[in-house]
Novice: 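Here's a structure for you.
All of these numbers come straight from a predicted model, not from anything done at the bench. Chain identifiers are assigned alphabetically (A, B, ...) following the order of the sequence lines, protein sequences preceding nucleic acid strands; residue numbering begins at 1 within each chain.
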Number of protein chains: 2
Amino acid sequence: MTTVRAAAGNATTRGRRAGRRSGDQRELAILATAERLMTERPFAEISIDDLARGAGISRPAFYFYFPSKDAVLLTLLDRVTAEADAAAGDAFDRMADDPRSRWGDLIGRFHDTFRAHKAVVLACAQARGANAEVRELWSAVLEHWVRCTQAAIEAERRRGAAPDGLPARDLAIALNSMNERVMYATFASDGPAVAAPDVVDVLLDVWLAAIYRSTTPPSV
Amino acid sequence: MTTVRAAAGNATTRGRRAGRRSGDQRELAILATAERLMTERPFAEISIDDLARGAGISRPAFYFYFPSKDAVLLTLLDRVTAEADAAAGDAFDRMADDPRSRWGDLIGRFHDTFRAHKAVVLACAQARGANAEVRELWSAVLEHWVRCTQAAIEAERRRGAAPDGLPARDLAIALNSMNERVMYATFASDGPAVAAPDVVDVLLDVWLAAIYRSTTPPSV
DNA sequence: AACAATCTCGACACCCTGTCGAAACGCGAT
DNA sequence: ATCGCGTTTCGACAGGGTGTCGAGATTGTT
């Protein structure tokens, strides 16, 4: 298994070899083409030739910018990763003020990040099965949300607002997994799905029930 | 988009053209080879040549038995579909006797079906993104579980054991989606995952909390 | 103008899929 | 036994995708 990442794993070097001149626009054109085509058909059906032609270069020239088609997806996913980490940021502060609103913010942010990059996320979900790097990077995103969720659950238990029960980490994994799968189904219209406008409400209700055994958790 | 299914959509005709002689063993050999290889590497990395050689025939001969690689997976999935439908069967009877045990049975059956065909299910999850037929067939399985769950929730609400709240269908979708994703992560060791022995317990707790707002729901 | 780094692409080797037609096989009817 | 006819097999081909190489074009610097 060869790796697409630079040795240092630096996200900024995922694409081309170091040093740059005028070709930056070409690199961006490839990324833009990829994002556009992904909204039209599954990632697996997009060829490197499609990406190259879309960016106005020949197929061999593509390889100057990216080592493979997957590397393009990984670069796109890097952006989403950064945005997702930022979005999780302070959503967990002052949970005691108004738990329902705070958890709603949290799920809403996950939802917004997911939806803003729907095409990339759906493509990653498809590629995840076949590409270990996509799988690992996506796992890292999810792990971050799980940790934040776990910490918030533990804090709520400490202040007596939430009852003890399942290990907080297991609960956090289950709830975040649910969010991922439910949102995926809704955005992809894949199988039984919750209607798009209701997604956040439905998920929030399950979260509150699972964490507090109530949909009206106590504030301070 | 060409279809792999026979016009009638009959599961028994998914493979070869009608009429048969001694080649049944070959067809089974292909299926057995597929199931074995899927435990070793992702479905996308298995070629038709691999399947043919594994069954002791040449690559063109493979096409006598199946029209494509996906058709093999679909045939395997047909078995799982049948088993899953059967497993859901009477798991919803006498829910009022002992809700916790009954829901536990239900999740346990989903879990057992999933685990018994781990390789097939993981391969389908991978192929789902690229193949519409796999996606539809898997959706049908999930839809069946969702309907059963929805009916059981509504029955529990009618007898006053479960409080009103979210539409039962939305709740059923969310919970079954959670089960699918959590089990997938656990079996595939993909990203944050619940430890294998705890999966059913964790899921059951979330189900009971979401349906009853309690982990000790009332029996008759 | 000359050099070097950057960038481009024609041509190639390789792998995989799906199809065709010819040939081999199995078996009941003559 | 052998003829005939469906069943089964495979060599060979066409088409399309990936990744690589080396030669050439472009651009910025001196």
Novice: State, to 0.1 Å, how close A/F66 and A/E27 come at their nearest heavy-atom pair, and which atoms those are.
Specialist: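 Between these two residues, the closest heavy atoms are CZ-CG, 3.8 Å.
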
Novice: Please say whether the positively charged group of B/K69, taken as NZ for Lys or CZ for Arg, lies over the ring of B/F43, i.e. under 6.0 angstrom from the six-membered ring centre and within 45 degrees of the axis.
Specialist: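 Flagged: B/K69 positioned over aromatic ring of B/F43.
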
Novice: For a quick test of reading the model: is some side-chain N or O of A/R26 closer than 4.0 Å to OP1 or OP2 of C/dT8?
Specialist: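 Looking at the OP1 and OP2 atoms of C/dT8, one of them is under 4.0 Å from a side-chain N or O of A/R26.
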
Novice: Nearest to the B/F64 side chain among C/dC7, D/dT9, D/dT20, which nucleotide is it?
Specialist: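 The closest nucleotide is D/dT9.
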
Novice: To the nearest 0.5 Å, tell me how far B/I153 CD1 sits from B/L175 CG.
Specialist: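 Answer for the CD1-CG pair, B/I153 versus B/L175, is 6.0 Å.
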
Novice: What nitrogen or oxygen pairs link the protein and nucleotides 10-16 of chain C at under 3.5 Å?
Specialist:
none

Novice: Determine the minimum heavy-atom distance between B/V134 and B/C124, stating which atoms define it.
Specialist: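 Taking every non-hydrogen atom into account, CG1-O, 3.7 Å.
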
Novice: Using whole Å, what does the distance between atom P of nucleotide D/dA14 and atom OH of B/Y63 come to?
Specialist: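 Distance, rounded to whole Å: 17 Å.
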
Novice: Does a side chain donor of either B/T81 or B/D78 reach within less than 3.5 Å of an acceptor in the other side chain?
Specialist: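 The criterion, which ignores hydrogens and geometry beyond distance, is not satisfied for B/D78 and B/T81.
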
Novice: Rounded to whole angstrom units, what separation is found between the CZ atom of A/F66 and the C1' atom of D/dT20?
Specialist: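 About 19 Å, once rounded to whole Å.
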
Novice: According to the interplanar angle, ranging from 0 to 90°, do the rings of B/W207 and B/W103 count as parallel (below 30°), tilted (30 to 60°) or perpendicular (above 60°)?
Specialist: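 Ring orientation, 0 to 90° scale: tilted.
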
Novice: Measure the shortest side-chain to side-chain distance between A/H144 and A/V141 over non-hydrogen atoms and say whether it is less than 4.5 angstrom.
Specialist: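 No, every pair of side-chain atoms sits at 4.5 Å or beyond.
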
Novice: Can you name the closest pair of heavy atoms from A/E45 and A/D50 and give their distance?
Specialist: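 Shortest heavy-atom separation between A/E45 and A/D50 comes out as O-OD2, 4.0 Å.
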
Novice: Would you say A/Y65 places a side-chain N or O within less than 4.0 Å of OP1 or OP2 belonging to C/dC7?
Specialist: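 For C/dC7, OP1/OP2 do not have a side-chain N/O of A/Y65 under 4.0 Å.
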
Novice: Rounded to whole Å, please give me the gap between CG in B/D24 and C1' in D/dT7.
Specialist: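 Rounded to whole Å, this separation is 12 Å.
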
Novice: Using whole Å, what does the distance between atom P of nucleotide D/dT7 and atom CD of B/E27 come to?
Specialist: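 In whole Å, D/dT7 P lies 14 Å from B/E27 CD.
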
Novice: Tell me the interatomic distance from B/Q25, atom CD, to D/dT8, atom P, rounded to whole angstroms.
Specialist: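 Result: 11 Å.
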
Novice: Need the bend value for the helix from C/dA1-D/dT30 to C/dT30-D/dA1: angle between end axes, 5 pairs each end, nearest 10°.
Specialist: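 Roughly 20°, once rounded to the nearest ten degrees.
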
Novice: Quickly work out the B/F62 CZ to D/dT8 P distance and round it to whole Å.
Specialist: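 Going from CZ in B/F62 over to P in D/dT8 covers 16 Å.
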
Novice: Can you tell me how the ring of A/H111 sits relative to the ring of A/F187, calling it parallel under 30°, perpendicular over 60° and tilted otherwise?
Specialist: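 A/H111 vs A/F187 ring planes: tilted.
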
Novice: Take the protein atom CD1 of B/I30 and the nucleotide atom P of D/dT8, then report the distance between them rounded to whole Å.
Specialist: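 One finds 12 Å between P of D/dT8 and CD1 of B/I30, rounded.
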
